[in-house]
Structures are given as C-alpha cells and as structure tokens.
Chemist: 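I have a structure here, written as structure tokens, and I will follow up with some questions on it.
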Amino acid sequence: MKIDELYALLRRRGVLWPSAEIYGGTQGLYDYGPLGAALKRRLQDAWAAWFLGLSPDYHRIEPAEILPEAVVRASGHLENFTDAEVTCEKCGTAFRAETLLESVRPEGVDGLTPAEIGEIVRASSIRCPSCGSTALHVPRPFNMMFGVPLGVAGTERGYLQPETAQASYLAFARMWDVARRSLPLGIAVIGHAYRNEIAPRQLLFRMRSFTQAELQIFFDPAGFPVPFDRVASEELPVLRAARRDAGATEPETARATELVASGLPEFYVYHLVQTYRFLRDVLRYPAGRIRFFEKSDRERAFYNRIQFDAEVRFESLGGFREVGAVHYRGDYDLTRHTEGSGRDLAVTPTGGAKILPHVLELTFGVDRNLWALADVHLGRDGERTVWHLPPYLAPVSVGVLPLIEKEHAAVATELAESLAAAGVTVQYDDASSIGRRYARMDEAGTPYCLTVDGGTVGPGPEHGSVTLRERDSKAQERVPASDVAARLAPEFRLPRPSVR
RNA sequence: GCGGGCAUAGUGUAGUCUGGUUAUCACAUAGGCUUGCCAAGCCUAUAACCCGGGUUCAAAUCCCGGUGCCCGCACCA
C-alpha cells in the first residue's frame, strides 16, 4: 500500500494518529491507540524473548531517560550531536557544513566550533551550490537534544536521552557486580529516545520521540566465545561496502562462514545472523525484503569499527529503510565515560588480566519495525483487507462471535470470559453480520475467530463445540470449546533462539 | 531548514479555476426490521469546509500569515 492509504487505515482503526491532533498535530510526534499500543508491547516482548534468549548473561534493565550534562559531554553528544548548518543569505538555502566543505576539508568538521567553520567558509571563498552567491552565512549551532532544567533552581542541566545506549554504558559498572563479574555481559534496554529533528517526516521514520530496543554486549576483546556452529551455514542477504564501491546495488547471498573468512569476527557474524533470524523468523519479514547494508569507512559513525544496517524494503516508502543495526563500537564508549566520570571502568575477570571491555551493539527502532509489520503484513487479499501478523504479535489473539446475537450471546460471552481467564487476549463482537465481523477481525490482524452457533447451544452431537476460523485461509473447523485454549496456546508463544 | 504540491464528516471524495439555496456521493459507525458462517438488503440517525486574519452585500471558493501532510534537496535510528 502507498503511505497515505496505509496511514489512513491505521488512523481509522486506531493503531496510531498524530499527537495533539485537535490542535492540528505536531511534527514528529505520534500517539498509539489500542491496537498500536498492544502491537508495540508484543513487538517489544518478542524482541526481548529473542535477544535475551541468546545468553543467560544478557540482562534487561530499565534506566532513567534523562541524562545529566556531564554524561552527554563525555559521550560526545553535546559537541557532535549537532547539524552544523551554513545558510545562503541570497537564496536562503541551508547546507550541512560537512557537505559544503567536503572539497576543502575532506576530513570533516567534527570538533570544530561554529566560529572556526565560519572562518573556513570565508577563507575558501566557496559559492552557494544553489545560486552561486558567495553570501554564505556563518553556521549556527543546533543541537538535536532536548535540554531540560533539573531541580527547582534549574541550575543543573539535563538532556532527554538521544539514544538508549548511553544508559547501558552508565550501568556497566553496577551491572559488573550485579551480574557476578564475568564477560560477556549484555545489557538490554527498551526505552524512549528524544531528538529535536529539523525535518521529521515519513511518519514513524523520523520522530522526535521514539522507542529503541538496544542490546549492548560488553566483551573481552581477546575472546568472545559464541556457539558459531549454530549459525555457520546460514545464508545472509548482504550488500558489502566493497561491492557497493564497485557499483553493485543488489545484495548477494553470503554464508556466515564466508563472512568470517572475509575478515569479520565470529562473534559479529553470529549476532548478525541472530538479527536476521529475528527479522525473518519472528517478525516474518520475507527474506527477499531484508538486506544487511554494510557501511563503509566513510559512511559509518567514527566510533564504529564494523557496521551493518538491517534494512527492510517498504512498499509504502518505496525502498529499503533501516530498521536496526549491528555496531562493533570497540572501547570508545567505556573510554569516554572513564575519562568523563573519573571512574576506572576497566575490569578484571576472575583469573584474568585487567581489561577495558569492547562493545557490540544491537539496535532496533521499535516504531520503525511496527511500521514494517504494517507495511509487510497488512494488505488487500481480494475483497478483504487482512493484517497477516504472526499470531503471537497480534493485538487480539481470538475473536469470539455469536452467530445470532439473540440466541448465542450468553454462551459466547461465557466462552470469551473463560478464555480471558486462561490468559488469552479475546475480543467479543456481536455487532452486524457475521461476515462483517470476520472482516473487522481480519483487518485488525486477529488470527483466530470462534463462532458460537446453533450446534454449540443445541442438544445434538455438536453441543459444546464451536467453529474455529483461521484468518489467512478462512478455513473453518469444529472444535470443542473446552479444547480451544490448549489447542491454540503454542501459536501465541514467543519464539526463542536455539543456542545450544 | 530550502523549494514544489496539497488540506472538505471516521475513511475516500464532489464542489474551488468563474465567490451566491439546506456543501455531493460512497463506504464506515449507531439504532430498527429482515437474514443467519465470510464486508447482503431496506429504513432511520450521527457526522466535515485545518487555524487565524483580510477583501466583499456575501468566502469551502479570492488574498496574507500560521499549522500539518506528501515529494525533492539537506539530514537521520
């Protein structure tokens, strides 16, 4: 579906809508409705079940979302999380300083003050690429973080976290003790990040408040053992930086062992494969719509040694978009926070030497993946609109419908309540015709419907049995109502990786 | 941030150029009748000109400003 059509459908069904809608909306802010909130919760649960399932040494924490200024100063966000802009006074066009100065300063402008950038612009007599004027204005600093005053006097300054990763680095020292002083040590956080985007756009893709699910794994650079044999034969769709430099635009299939042979560490490829399996097997994105896009030396953030973006092809956005990434960040983060805090973050594992751990970061945009779940799985199926969500992700697991409201409502209500008591998310619906109710359930992604009919309440051989209707195939089957919960339970179980 | 386009019930739309009756139609929603396993039919009801200012006897319609959305540029998880 095109983006407008998909968004209209999601708004109408109450999946999501613009924040402060009655005031005309606010750029980059969205609210999730009942279906969206439920789907997002399940998506987060699925992520946690999968990635925490990789190792008993991976733990989930829930840190504060405001960072004191000293933290963002040390992390580099205060100086670097800035779009240095140069504006043309004649035509008004704005340019990113780094791009504008590429020819005279190929090493980039990181670390330079606005005044220094202005000096280079003047000295180099660069012209506006848009109109040719030399009236280029000195850049004004614009930090994308939201600053907040802390305390009544407001003398201490804090920032809404621009990424959840920092909170994990801050927690490392405490977690080292809590998790009994061994490496690897994984710290997972699902939380909000806030960025004052200049141009938020494309709905859930550029939000000013969004949700990240991140796993930071601290490990000994001398050795990060993983059960590589469990992934060795997996084939990944990758677009390597070297091939892109040679003009390639389509991903190739590479076996995990081949990626290792090409120089990538086993621990890196192992987590890349597990990320792939999460996208393909848990979120069920078709393999042909997933690719791993390697960032080249020039493209990736300076602190990353290896970076592959996990990308999904979005029909609504007309191409591949990043939904997650795997970053090998080296010791950058702990080094910065060691310097910033004055606390030595190097550790000494039992029986080993003192080391500063390296970090492997697995990061996911929760909202982006929620959009992908709509883009990939929600669509027209002939006359129907069906959201083919995996059953364990569906906001409503089972719809309970009386065939004739007057005659079957009592039994159906009772059935819905007993299922709810058994832990199944049910929705009871007795409004309008049975076909329309199935259609509504299809659109919401409800994988199963139970219909109570004459046979259910009658004295005949079908007494106590209901029609079980499956969403995708529309197939129907008679099953005893008492068996339904146990019968469907496996469908609603979150997948976990097999690691041993 | 820059440039272009757009903004009418819950959703999709007609009407805007050329100002003038009670703002069109479909679907959806709610109630009733009927039907009884895949968006059926009939009746009824609910429901909109993005916000602010200006021009005019009169503004959904023309002008200005704002806000939001889409596309391109520039960016980005």
Side-chain angles (χ1 to χ4, degrees), chain A residues 2-5 7-14 17-29 81-88 91-100 128-131 139-140 142 144 162-165 193-208 210-214 301 307 309-311 316-318 321-325 327 361 363-369 382-386 401-408 431-443 449-455 466-469 471 474-476 478:
Chain A
K2 301 300 291 178
I3 189 166
D4 289 341
E5 185 186 2
Y7 185 33
L9 177 56
L10 295 178
R11 272 203 318 272
R12 181 166 58 74
R13 287 307 307 247
W17 55 78
S19 219
E21 198 176 11
I22 61 170
Y23 285 91
T26 305
Q27 272 194 330
L29 298 175
F81 217 64
T82 302
D83 275 338
E85 280 201 345
V86 180
T87 49
C88 172
C91 68
T93 316
F95 305 94
R96 194 156 185 265
E98 191 165 330
T99 312
L100 193 66
C128 169
S130 181
C131 72
R140 55 206 162 76
F142 175 76
M144 290 165 70
E163 61 175 21
T164 58
Y194 304 86
R195 298 183 188 183
N196 197 5
E197 294 283 354
I198 298 171
R201 205 181 277 184
Q202 294 186 322
L203 299 159
L204 303 186
F205 265 75
R206 294 278 289 285
M207 296 201 289
R208 288 188 164 133
F210 59 101
T211 305
Q212 290 184 310
E214 299 194 313
Q307 173 175 350
D309 287 351
E311 299 188 325
S316 60
L317 300 172
R321 296 300 163 98
E322 181 186 355
V323 298
H327 300 150
E361 172 185 68
T363 177
F364 291 83
V366 174
D367 312 279
R368 288 179 168 196
N369 278 286
E383 286 285 287
R384 304 193 296 159
T385 299
V386 188
L401 318 171
L403 186 60
I404 304 172
E405 197 257 328
K406 291 190 184 75
E407 297 172 25
H408 310 131
S432 65
S433 74
I434 187 71
R436 187 180 300 272
R437 282 178 276 163
Y438 284 143
R440 272 198 290 254
M441 290 294 179
D442 288 342
E443 205 172 65
C449 286
L450 298 175
T451 304
V452 173
D453 59 17
V466 294
T467 303
L468 171 63
R469 183 258 193 190
R471 178 193 62 204
K474 303 203 288 188
Q476 297 192 355
R478 276 209 91 83

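Order of the sequence lines fixes the chain letters, A, B, ..., with proteins taken first and strands second; residue numbering starts at 1 for each chain.
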Chemist: Expressed as a whole number of Å, how far does the P atom of C49(B) sit from that of C37(B)?
Modeler: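 Their P atoms lie roughly 42 Å apart.
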Chemist: Could you tell me whether the phosphate oxygens of C71(B), OP1 or OP2, come under 4.0 Å of any side-chain nitrogen or oxygen in Q202(A)?
Modeler: yes
Chemist: Roughly how many Å apart are C27(B) and G72(B), using the P atom of each and rounding to a whole number?
Modeler: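 Looking at atom P only, G72(B) and C27(B) are 35 Å apart.
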Chemist: Judged by atom type as modelled, is there a donor-acceptor pair below 3.5 Å linking the side chain of R201(A) to the main-chain atoms of R206(A)?
Modeler: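 Looks like no, no N/O pair under 3.5 Å.
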Chemist: Say you pick atom C1' in G52(B) and the same atom in A40(B); how far apart are they, in whole Å?
Modeler: 48 Å
Chemist: Would you kindly give the OH-to-P distance between Y23(A) and G52(B), to the nearest whole Å?
Modeler: 13 Å
Chemist: Could a donor-acceptor pair under 3.5 angstrom be found where the side chain of R469(A) meets the base of C38(B)?
Modeler: yes
Chemist: Looking at Y7(A), does the NZ or CZ of R11(A) lie under 6.0 angstrom from its six-membered ring centre and within 45 degrees of the ring axis?
Modeler: yes
Chemist: Check whether any side-chain nitrogen or oxygen of R440(A) sits under 4.0 Å from OP1 or OP2 of U29(B), and answer yes or no.
Modeler: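 For U29(B), OP1/OP2 do have a side-chain N/O of R440(A) under 4.0 Å.
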Chemist: Sticking with atom P, work out how far C17(B) lies from A59(B), rounded to a whole angstrom.
Modeler: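 Between the two P atoms, the distance is 14 Å.
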Chemist: Under 3.5 Å, is there any donor-acceptor pair linking the side chain of E197(A) to the base of C76(B)?
Modeler: no
Chemist: Looking at the side chain of R368(A), which of A77(B), A39(B), G36(B) is the nearest nucleotide?
Modeler: A77(B)
Chemist: Closer to the 5' end of RNA chain B via nearest nucleotide, is it P200(A) or S432(A)?
Modeler: S432(A)
Chemist: Can you tell me if E361(A) uses its side chain to pair, donor with acceptor, with the backbone of H327(A) under 3.5 Å?
Modeler: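 No, the answer is negative, given that no donor and acceptor are paired below the 3.5 Å cut-off.
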Chemist: What integer distance in Å separates I22(A):CD1 from U67(B):P?
Modeler: 18 Å
Chemist: Go through the steps to decide whether L9(A) and E443(A) satisfy the test side-chain contact (heavy atoms from CB on, under 4.5 Å), and finish with yes or no.
Modeler: CA-CA 9 Å; L9(A) 177 56; E443(A) 205 172 65; 3.8 Å; yes
Chemist: Starting from P on C69(B), measure out to CD on E5(A) and report it in whole angstrom.
Modeler: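 After rounding, the gap between these two atoms is 20 Å.
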Chemist: Using the P atom in both, what is the distance from U8(B) to C51(B), to the nearest Å?
Modeler: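 Straight-line distance between the two P atoms is 11 Å.
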Chemist: Between G12(B), A77(B), C37(B), which nucleotide gets closest to the side-chain atoms of Q212(A)?
Modeler: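 Nearest to the side chain of Q212(A) among the choices is A77(B).
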Chemist: D453(A) and T467(A): which non-hydrogen atoms are nearest, and at how many Å?
Modeler: OD2-OG1, 3.7 Å
Chemist: Among A74(B), G36(B), A39(B), which nucleotide has an atom closest to any side-chain atom of A439(A)?
Modeler: A39(B)
Chemist: So, is R208(A) close to the C76(B) phosphate, meaning a side-chain N or O under 4.0 Å from OP1 or OP2?
Modeler: no
Chemist: So what stems show up for RNA chain B if we need 3 or more Watson-Crick or G-U pairs in a row, all under 3.5 Å?
Modeler: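 Counting only runs of 3 or more consecutive pairs, the stems involving RNA chain B are B:1-7 with B:67-73, B:10-12 with B:25-27, B:29-33 with B:41-45, B:50-54 with B:62-66.
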Chemist: Roughly, in whole Å, what's the span from CZ in R384(A) to P in C27(B)?
Modeler: 21 Å
Chemist: Report the residue (D367(A) or L317(A)) whose heavy-atom-nearest nucleotide on RNA chain B is the more 5′ of the two.
Modeler: L317(A)
Chemist: Measure distances between side-chain N and O atoms of R201(A) and base N and O atoms of G68(B), and say whether any donor-acceptor pair falls under 3.5 Å.
Modeler: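 A donor-acceptor contact between them is absent.
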Chemist: Using every non-hydrogen atom in the two residues, find where R208(A) and I198(A) come nearest and quote the distance to one decimal.
Modeler: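 Result for this residue pair: NH2-O, 4.0 Å.
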Chemist: Kindly say whether R440(A) contributes a backbone atom to a donor-acceptor pair with the side chain of R13(A) at under 3.5 angstrom?
Modeler: yes
Chemist: If I take atom CZ in residue R206(A) and atom P in nucleotide C73(B), what distance separates them, rounded to the nearest angstrom?
Modeler: 13 Å
Chemist: Which distance, rounded to the nearest 0.5 Å, do you find between the OG1 of T211(A) and the CG of L204(A)?
Modeler: 10.0 Å
Chemist: Nearest to the side chain of F210(A), heavy atoms from C-beta on, is which of A77(B), G1(B), U11(B)?
Modeler: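 Nearest nucleotide to the side chain: A77(B).
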Chemist: Go through the N and O atoms of the side chain of D453(A) and the base of C37(B), and report whether any donor-acceptor pair is under 3.5 Å.
Modeler: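 Result: at least one qualifying N/O pair found.
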Chemist: What is the separation between atom CD1 on I404(A) and atom C1' on A40(B), rounded to the nearest whole Å?
Modeler: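 Value for this atom pair: 16 Å.
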Chemist: So, Y438(A) and A39(B): ring centres less than 5.5 Å apart, planes less than 30° off, yes or no?
Modeler: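 Check failed, Y438(A) does not stack on base of A39(B).
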Chemist: I need the minimum non-hydrogen distance between R384(A) and D442(A), along with the two atoms involved.
Modeler: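 That would be NH1-OD2, 2.8 Å.
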Chemist: For the backbone of V323(A) and the side chain of R368(A), can you confirm whether one donor and one acceptor N or O come within less than 3.5 Å of each other?
Modeler: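 Answer holds: no.
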Chemist: Round to a whole Å and report the spacing from CZ of R13(A) to C1' of A39(B).
Modeler: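 In whole Å, A39(B) C1' lies 12 Å from R13(A) CZ.
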Chemist: Give me the distance, rounded to whole Å, that separates G31(B) from C25(B) when you measure between the P atoms they each carry.
Modeler: 24 Å
Chemist: Using whole Å, report how far CD of Q27(A) lies from C1' of C50(B).
Modeler: 15 Å
Chemist: Within the pair T451(A) and C37(B), is there a side-chain N or O less than 4.0 Å away from OP1 or OP2?
Modeler: no
Chemist: Give me the distance, rounded to whole Å, that separates G66(B) from A28(B) when you measure between the C1' atoms they each carry.
Modeler: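 G66(B) and A28(B) have their C1' atoms separated by 33 Å.
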Chemist: Taking only the side-chain nitrogens and oxygens of R436(A), find out if one of them lies under 4.0 Å from OP1 or OP2 of A40(B).
Modeler: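 Result: yes.
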Chemist: Considering only atom C1', compute the distance from G68(B) to A23(B) and round it to an integer number of Å.
Modeler: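 G68(B) and A23(B) have their C1' atoms separated by 24 Å.
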